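Working notes for the structure below.
On a predicted model such as this, the values are computed, not experimentally measured, just so you know.
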Amino acid sequence: MKHQRFFKSLTQQLTHWRRQYKVLCRKGKLLRVVNEQNHHSRLEELQKTVVNNILMYVSTTSESKQKPGIVLRSIAKSVNREPLMDTIGLRWVHENRSSVILAIAVVSLTGVIGYKFYNQPKLKVGTVAPQTIKAPRTIKIEDRQKTAAQRKAASNNSLPMLMVDMQINEQIDHNLQQLLDESDKIRAIAGSFPFVDTLDLRIASQRYLRACTEAEWQNILLALEKTRKQPIGLLLPNQKSSSTTAQQASKQFSSSLEPSIAASPKSASLPRIREDIHTPTPQPGKVSLKLLLENTKPVNDSPKVDFIQVVAELETYRIRNSEQQFSLLITQILQARQKYELARKKLLQPEAKTSAAINQDNILLDLEDKDWAKTQTSIRQISERILTQGIPYGLPGNALKDTVSLQVQTLEPQAAQPLAIKLLLAVLQPNLKKDEEKTQQQAKKAAAGVAPVMIDIQQNQVIVTKGQKITPWNFEVLEHYQLNYRETNWPELIKVTGIVTTAIGIFVIVERRLKSQLRQRDRLLILLLTLSTPGMVTMGVLHTTWSAIGLLLGSFYGPALGATVVGLLLLVLPISMEISKIALIAGVAGGIVGSYMAKRLRSREELALLGLAIASTQGGIYLILSLLWSSASWYLILQEAALFALSGLAWSIVALGLSPYLEKLFDLVTPIRLAELANPNRPLLKRLATEAPGTFQHTLFVATLAEAAAKQLGCDVELVRAGTLYHDIGKMHDPLGFIENQMGGPNKHDTEINDPWKSAEIIKKHVNEGLVMARQHLLPTAIQAFIPEHQGTMLIAYFHHQAQQMAKEDPSLKVDDADFRYDGPIPQSRETAIVMLADSCEAALRTLQASAKSSLKDASAEQALTMVNNILRARWQDNQLLDSGLTREEVAKIAQIFVEVWQQFHHKRIAYPKLKPSNEKIAQG
């Protein structure tokens with residue numbers, strides 16, 4: 001409320017000053033200074049003129065308070081305005097104010113964009129010194145070049161900060177899982193292990209039976225065959241004792257084979273012994289242990305005790321169980337051997353992914369199932385620990401192997417440790433990468449820790465000798481002592497001025513091509529918004545006001561002018577200002593999006609969503625261009641893109657906050673403001689509906705007619721609707737003075753006044769009173785224009801005719817047409833002209849419909865069109881549309897549109913049959 005009261009008081013004060021100024025102009029009594037040769041006479045004349053003007057101002061002020069109508073008529077365009085500034089010698093400035101604004105734009109833009117050319121040093125690096133320059137005093141000066149070099153070296157020598165690359169970790173886990181899955185498949189081919197109960201055969205014996213060669217297996221079968229007929233007592237002294245171990249049975253078996261053993265024929269149920277093994281013929285009924293052991297020596301040079309133990313365990317199993325169970329055991333062993341051989345072949349295939357990693361002396365196949373499950377779990381845990389610690393690049397060859405071996409030492413069973421080492425070494429690889437952000441922070445920290453290099457400069461020490469080229473160090477010393485004189489770089493400044501002038505010329509051409517009727521205050525606002533972008537860049541703000549100027553200019557003046565300003569800044573700024581090309585292009589893209597979308601939106605909420613769209617556009621384009629052109633890390637690029645997007649959103653929010661104030665200050669209308677003004681809950685419209693309901697209904701129908709015509713002709717529909725709703729608010733000063741508010745009651749002009757001059761004054765007064773109300777409620781000038789222009793300078797025909805009739809009866813009365821004409825001005829735009837025509841036709845169309853109802857006949861569209869055309873022709877012939885820009889063809893089209901809208905309101909209805917009351921029907925029945 002505070003800012004509303006402030007704006008209201010400010011506007012009222014400005015309006016008061018403007019009224020007094022226009023009154024002075026209309027009276028034409030301003031005195032001009034006579035241009036004489038004598039300077040003293042000119043000063044005297046000027047003094048007299050100022051005094052006379054002050055006296056005239058005072059007298060006119062008191063007079064204008066008595067006659068406010070004179071002030072209100074000053075809106076008429078035809079009034080001759082003699083600028084007040086002519087009295088003080090500024091007539092040329094006033095008449096050429098457009099050129100002055102353009103000159104100000106050129107100077108201000110050149111000053112901001114070319115700021116670095118104003119204070120450039122005369123002596124630069126590489127130029128020749130015109131004279132020998134000495135130090136005026138002793139001082140310590142920092143050698144920035146050496147300091148920068150040392151800091152750069154410290155930054156380069158700082159150790160890089162590493163981080164775990166999760167993608168490599170996932171790849172290592174995937175590869176390890178593949179190896180383990182392949183191992184599971186190969187073990188599945190070999191079958192479960194142990195394949196029989198360990199109470200019947202030890203794990204070592206089962207491992208030996210599966211893995212021994214065919215020759216060893218045949219020798220085992222031969223030994224079992226030859227010991228088949230041995231007395232049971234030799235092998236098992238105490239059959240009832242169940243605690244005899246396999247080792248005891250093996251010893252008994254070995255001792256029992258020392259004497260001769262009777263040979264027996266081979267059993268048909270056992271597999272055939274290989275024929276290539278030489279078996280000496282023993283003595284009948286006996287076999288030598290030494291000879292048996294020599295003939296059954298394992299191919300792989302396994303210890304003989306393994307062979308003896310296995311045979312002993314098998315013989316023990318045969319003795320304790322039936323022959324059928326023993327045959328079943330031999331069959332299980334054969335199946336296990338076959339599966340084991342298939343698994344070994346699969347393992348040794350070159351195409352097997354795991355052959356190189358897990359072919360470690362058949363450890364994979366020799367592990368028990370439970371041990372393999374433990375081994376898998378341990379391998380995964382060890383891999384996770386090592387990857388969590390990280391594996392850097394450039395490790396020595398044995399470092400990773402030693403680390404893995406150290407981690408595997410705790411693995412149980414120990415037999416699986418070599419296999420685990422090979423599996424882990426097959427998949428582990430460096431998984432640490434450079435953390436760009438922390439590395440840069442570390443480098444900056446290291447650079448900041450380097451102390452500046454200070455150089456002692458003694459008094460009268462020579463800084464640079466005459467004829468010597470100036471080095472960067474010489475330049476720094478001269479700058480420090482302020483011995484380097486500065487000057488304006490006029491060639492570059494003139495170049496920038498030419499470029500800025502060309503850009504402004506392009507803007508003027510676009511403005512004229514678009515036929516934009518910009519006021520000087522509008523050009524000033526455009527200049528201020530344009531200056532904000534290079535101004536921010538000059539102050540070092542990288543995220544400048546692209547989105548704000550695009551959104552505001554597009555909302556105030558349309559997408560074409562907004563995009564033109566943003567595009568011209570894109571071309572001008574890089575010429576003399578240091579600005580990132582990526583940031584420049586991304587910001588311009590956001591500004592153009594704001595320019596093209598702002599004018600289409602109808603609420604603040606939609607503008608807020610537009611801010612998000614601008615932010616997404618700026619951030620997205622910045623990200624894409626950075627990925628294409630920049631060599632920085634993706635993390636930094638993403639961070640900068642996010643900041644740029646947030647800056648676009650922030651400036652959009654700033655623009656939304658500034659928009660209402662700029663609208664008030666520069667008297668602008670936007671679609672959103674027009675929509676707010678057209679809200680029927682506005683105080684002025686609620687008063688109109690309550691105090692003058694007939695006028696309000698008349699206003700709604702006129703608005704409907706005018707909107708339809710404006711839409712068809714491509715005019716500003718929102719402006720037409722809002723202006724129409726306020727065009728007759730002045731009738732609230734005397735509602736009963738207008739027939740639409742009399743509600744069938746007596747007409748005060750016939751009963752009370754009975755004076756056409758006074759009646760015409762009452763009718764004309766609604767324009768002046770409407771302007772007063774509009775200013776009190778701070779309506780924009782564009783809305784205020786509808787109040788006088790919808791009447792133009794038309795004749796109040798009804799009371800003019802009455803006056804003429806009275807003048808005929810009384811010759812002393814004289815009728816002046818000016819007393820019965822509105823003060824104007826005539827419509828200055830197509831929008832106000834459309835409202836004038838709609839206002840003129842509304843009453844006639846309503847009267848036509850009323851007369852048709854009274855005659856019980858519907859009025860035809862042809863009758864309505866003829867009547868509307870007659871009204872519009874009269875307005876055309878009365879020169880009311882002279883300055884509006886409407887053509888004859890458009891006026892004819894407007895007539896057709898009015899009739900179509902009238903038909904929609906007053907369409908034909910079905911004539912329902914009259915029904916007799918039910919009691920009459922009963923009586924007749």
Seminar exercise, completed: Test side-chain contact (heavy atoms from CB on, under 4.5 Å), reference Thr530, set Ile504, Val566, Val565, output is Val565
Exercise. Hey, is the main chain of Thr793 close enough, under 3.5 Å, to the side chain of Arg821 for a donor-acceptor pair?
Worked result: yes
Problem set entry | Test item: Asp839 side-chain N/O and Val835 main-chain N/O as donor-acceptor pair under 3.5 Å | no
Exercise. Atom CG in Leu665, atom CG in Leu525: separation rounded to 0.5 Å?
Worked result: 8.5 Å
Exercise. Only one of Asp819, Ile763, Asp817 clears side-chain contact (heavy atoms from CB on, under 4.5 Å) with Ile796; which?
Worked result: Ile763
For this session: Step by step, work out the side chain to side chain contact (heavy atoms under 4.5 Å, CB included) result for Glu900 and Gln896.
Result: CA-CA 6 Å; Glu900 292 176 359; Gln896 186 65 41; 3.8 Å; yes
For this session: Let me see the working for Leu102 and Thr501 under side chain to side chain contact (heavy atoms under 4.5 Å, CB included), right down to the final yes or no.
Result: CA-CA 9 Å; Leu102 293 179; Thr501 304; over 6 Å; no
Exercise. Is the distance between the ring centroids of His777 and Tyr726 under 6.0 Å?
Worked result: no
For this session: Output yes when a side-chain donor or acceptor of Arg721 lies under 3.5 Å from a complementary backbone atom of Leu674, and no otherwise.
Result: no
Problem set entry | Chi angles and distances behind the side-chain hydrogen bond (donor to acceptor under 3.5 Å, both in side chains) call for Asn768, His733 | CA-CA 10 Å; Asn768 300 334; His733 84 284; over 6 Å; no
Problem set entry | Any donor-acceptor pair under 3.5 Å from Lys764 side chain to Phe820 backbone | no
For this session: Apply side chain to side chain contact (heavy atoms under 4.5 Å, CB included) to the pair Ile614 and Met597, showing each step before the final yes or no.
Result: CA-CA 10 Å; Ile614 292 173; Met597 297 298 296; over 6 Å; no
Problem set entry | Sidechain N-carboxylate O distance under 4.0 Å for Asp734, Lys765 | no
Problem set entry | Backbone N/O of Gly550 and side chain of Ser595: donor-acceptor pair under 3.5 Å | yes
Exercise. Under a 4.5 Å cut-off applied to non-hydrogen side-chain atoms, are Leu881 and Leu837 in contact?
Worked result: yes
For this session: Describe, in one word, how the ring planes of Phe799 and His749 are oriented to each other, choosing from parallel (under 30°), tilted (30 to 60°) and perpendicular (over 60°).
Result: tilted
For this session: Return yes if some donor-acceptor pair links the side-chain N/O of Gln520 with the main-chain N/O of Ile101 below 3.5 Å, else return no.
Result: no
Exercise. So, does Glu789 use its side chain to make a donor-acceptor pair with the main chain of Gln828 at under 3.5 Å?
Worked result: yes
For this session: Please step through side chain to side chain contact (heavy atoms under 4.5 Å, CB included) for the pair Val702 and Asp728, ending with a clear verdict.
Result: CA-CA 11 Å; Val702 171; Asp728 268 348; over 6 Å; no
Extract all donor-acceptor atom pairs below 3.5 Å that involve side chains of residues 688-697 and protein atoms in other chains or at least two apart in sequence.
{"unit_1": "Thr690", "atom_1": "OG1", "unit_2": "Lys686", "atom_2": "O", "d": "2.9"}
{"unit_1": "Glu691", "atom_1": "OE1", "unit_2": "Arg687", "atom_2": "NH2", "d": "3.4"}
{"unit_1": "Glu691", "atom_1": "OE2", "unit_2": "Arg687", "atom_2": "NE", "d": "3.1"}
{"unit_1": "Thr695", "atom_1": "OG1", "unit_2": "Glu740", "atom_2": "OE2", "d": "3.1"}
{"unit_1": "Thr695", "atom_1": "OG1", "unit_2": "Asn741", "atom_2": "OD1", "d": "3.4"}
{"unit_1": "Thr695", "atom_1": "OG1", "unit_2": "Asn741", "atom_2": "ND2", "d": "2.8"}

For this session: Identify whether the distance between the nearest side-chain nitrogen and carboxylate oxygen of Asp878 and Arg875 falls below 4.0 Å.
Result: no
Exercise. Are the side chain of His727 and the backbone N or O of Thr724 linked by a donor-acceptor pair below 3.5 Å?
Worked result: yes
Problem set entry | Rounded distance [0.5 Å steps], CZ in Phe666 versus CZ in Arg521 | 9.0 Å
Exercise. Would the number of heavy atoms belonging to other residues, nucleotides or ligands and lying under 6.0 Å from CG of Leu713 be above 12?
Worked result: yes
Exercise. Will you find, in the side chains of Ser659 and Glu663, an N or O donor that is under 3.5 Å from an N or O acceptor?
Worked result: yes
Problem set entry | Side-chain heavy atoms of Leu685 within contact of Thr699, under 4.5 Å | no
